[in-house]
Amino acid sequence: MTGTEQLSLTKGTEAKSPGRWLALSVLVLAVLLVAVDATVLGLATPSLSEDLKPSGTQLLWIGDIYSFVIAGLLVSMGSLGDRIGRKKLLLVGAAAFGAVSVLNAYATSPEMMIVARALLGVAGATLMPSTLALIRNIFHDPRERSLAIGIWGATASAGAAVGPVVGGALLQHFYWGSVFLINLPVMIVLVIVGTKLLPESKNPVAGPWDLFSVGLSLVGVIGVVYAVKEVATHGMTPGVWAAALIGAAGLYAFVRRQFSLPSPLLDMRLFKHRGFSGAVLADLLTVFGLSGLVFFLSQFLQLVQGRDPLEAGLAELPAAIGAVATGLVAGRYARRYSVRSVVAGGLAAIGLALAVLTVIHKETGYPLLGAALLVVGLGAGFSFTVTADVILSSVPKEQAGSASAVSETAYELGAALGIALLGSIVTGVYQGFTAPATVAGPVADAAHESLGGAVEAARALDPHTAGQLVGAAQEAFADGLRLASGVGAAVLLATAAAAWFLLKGQRLHDGIEH
């Protein structure tokens, strides 16, 4: 009996299969690794900057190209998994992810690092939609599926927060490339164990994979995100206009083509379901509000407050604790109360926590930071888990790959936009600081590229001038972080209000009529 046939068994038989929980353990291993990889780089940024000496723009590209490429390819990869088999795509992607991690670890220039991160994004795009789609096909009982998604979501959130701890421990003893080398043994285990435990599943009537749609999706997403990133930094230059127009045209052509294909990469009719659209929007704007902050918070803890990498990683741990705690019970609360109250409440909690961070400064004590991060984790655990459940329960299991890809695309696109726009706010404010008059032009220029560059440039100055330069740079960075936190808070609170209306009447066991 094939894997696809096995997944067609009755709900009762499938629900009692003990292998489903072992299979879930393999899936969350992949999620854990991708989540760790997305955040561990932020902690390694200071030492990476010192070694590779990227410009401020290059540093932003190193941070967000991974999310750009993943966002551009997730829909295509989710659809590919529906066609060739989600298990097969997951295992191939895991092997590629491990191999490309080595390339990241031994990058010798900013340009090489950007290319390596982009290739890692290609491999990462095969993993996330496959994991969530396999959960949809393994767990047919709605309550068990909610628990499985809760574990999946808690693992993703925990990985995002544990990444800095793991990275901090490694950076205490090894060079920055070690944060990528940890991927290799984990991926080897995933491939070996996943080959034995995971059932195969795919859509038996999916039709051919449209390569032209793949290209349109990639060009459209990257073009739009690049334009947003550049306009925040440099304004509406001719290059920004060109990127925006190319990206918008690519996305328009992609949508039009999906309506005309008998077997589209993405069934656009899914967005007619208000609950599905509301959940996708909540995912995108939540991550938008969070990602830019998280990317720069590690630098604030290290380069402004003077914590070592491990201490900075441990300082971010409350977010993981909160996300795990609420992710495991989110489905139960959504059924007891309502989907919209849990999602909107989670989003509002994140928004209020970000609002608190608008008052941070160099001397801010950890209790305030730790409490804010805990609330962020609690809110994210509620919101992300329930929206993922809504998205998956809104489609038949044959389309699970495409629906999962939409969910993950919203996540990654939000991350890319957040790092691009909020990160550019931080960078723009930072670059406006005034260096001491006695600092030579080349040194001042290097200091204005990034906070890490300022710390490095100060080493060539006398102690008094160095202290003035670093102090001014730190204050400017904190100013930028406060402004970005305020923008993130406004976005999250507005998203909470929108989710309250868009998810009205939505229940986890509801689905689209087919």
Side-chain angles (χ1 to χ4, degrees), residues 11 129 132-133 135-136 139-157 267 269-290 322-353 375-397 399-400 402-411 414 491-514:
K11 171 183 168 181
L132 200 52
I135 288 174
R136 173 67 175 86
F139 294 91
H140 290 269
D141 178 80
R143 293 182 182 275
E144 281 200 343
R145 185 169 64 241
S146 290
L147 178 58
I149 292 173
I151 295 171
W152 178 90
T155 303
S157 300
D267 187 353
R269 292 172 299 178
L270 296 175
F271 290 94
K272 294 180 179 179
H273 186 257
R274 181 165 46 85
F276 183 90
S277 299
V280 171
L281 180 65
D283 274 358
L284 190 151
L285 293 180
T286 300
V287 183
F288 170 87
L290 286 173
V324 170
T326 53
L328 295 177
V329 299
R332 187 188 313 164
Y333 276 75
R335 285 186 170 85
R336 179 180 298 177
Y337 302 107
S338 69
V339 165
R340 74 170 183 171
S341 63
V342 172
V343 173
L347 295 172
I350 300 171
L352 293 174
V375 174
V376 165
L378 292 170
F382 275 130
S383 176
F384 285 144
T385 304
V386 174
T387 53
D389 205 339
V390 168
I391 289 169
L392 278 188
S393 63
S394 297
V395 301
K397 64 188 181 75
Q399 292 182 289
S402 295
S404 303
V406 171
S407 174
E408 293 303 323
T409 299
Y411 186 98
V491 170
L492 265 296
L493 292 173
T495 305
W500 180 260
F501 292 102
L502 289 172
L503 297 176
K504 181 181 180 181
Q506 179 68 39
R507 302 180 66 87
L508 290 186
H509 62 260
D510 285 347
I512 299 174
E513 295 297 328
H514 300 284

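Sequential numbering from 1 along the given sequence is applied to the chain's residues. Just the heavy atoms: all of them, side chains too, but no hydrogens, waters or symmetry mates, feed the values below.
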**Report entry** A148 versus I135, closest heavy-atom pair with distance
**Finding:** CB-CG2, 4.0 Å
**Report entry** Selection residues 377-386 - residue pairs positive for side chain to side chain donor-acceptor pair (under 3.5 Å), sequence neighbours left out
**Finding:** none
Query raised in the report: Backbone N or O of L378 within a donor-acceptor pair of the T326 side chain at under 3.5 Å?
Result: yes
Between side-chain atoms of residues 340-353 and protein atoms elsewhere (two or more places apart, or another chain), which donor-acceptor pairs fall under 3.5 Å?
unit_1	atom_1	unit_2	atom_2	d
R340	NH1	W500	O	2.9
S341	OG	S338	N	3.4
S341	OG	S338	O	2.9
S341	OG	S338	OG	2.9

Report task. Calculate, to the nearest 0.5 Å, the distance between atoms CZ and OH belonging to R336 and Y333 respectively. Result -> 6.0 Å
Report task. Tell me, please, which residues at least two apart from F271 pass ring-ring contact (aromatic ring centres under 6.0 Å, His included). Result -> F276
Report summary line: For A330 and G381 the tightest heavy-atom approach is CB-O, 4.0 Å
Query raised in the report: Nearest 0.5 Å, what's the CG-CG distance between L503 and L281?
Result: 9.5 Å
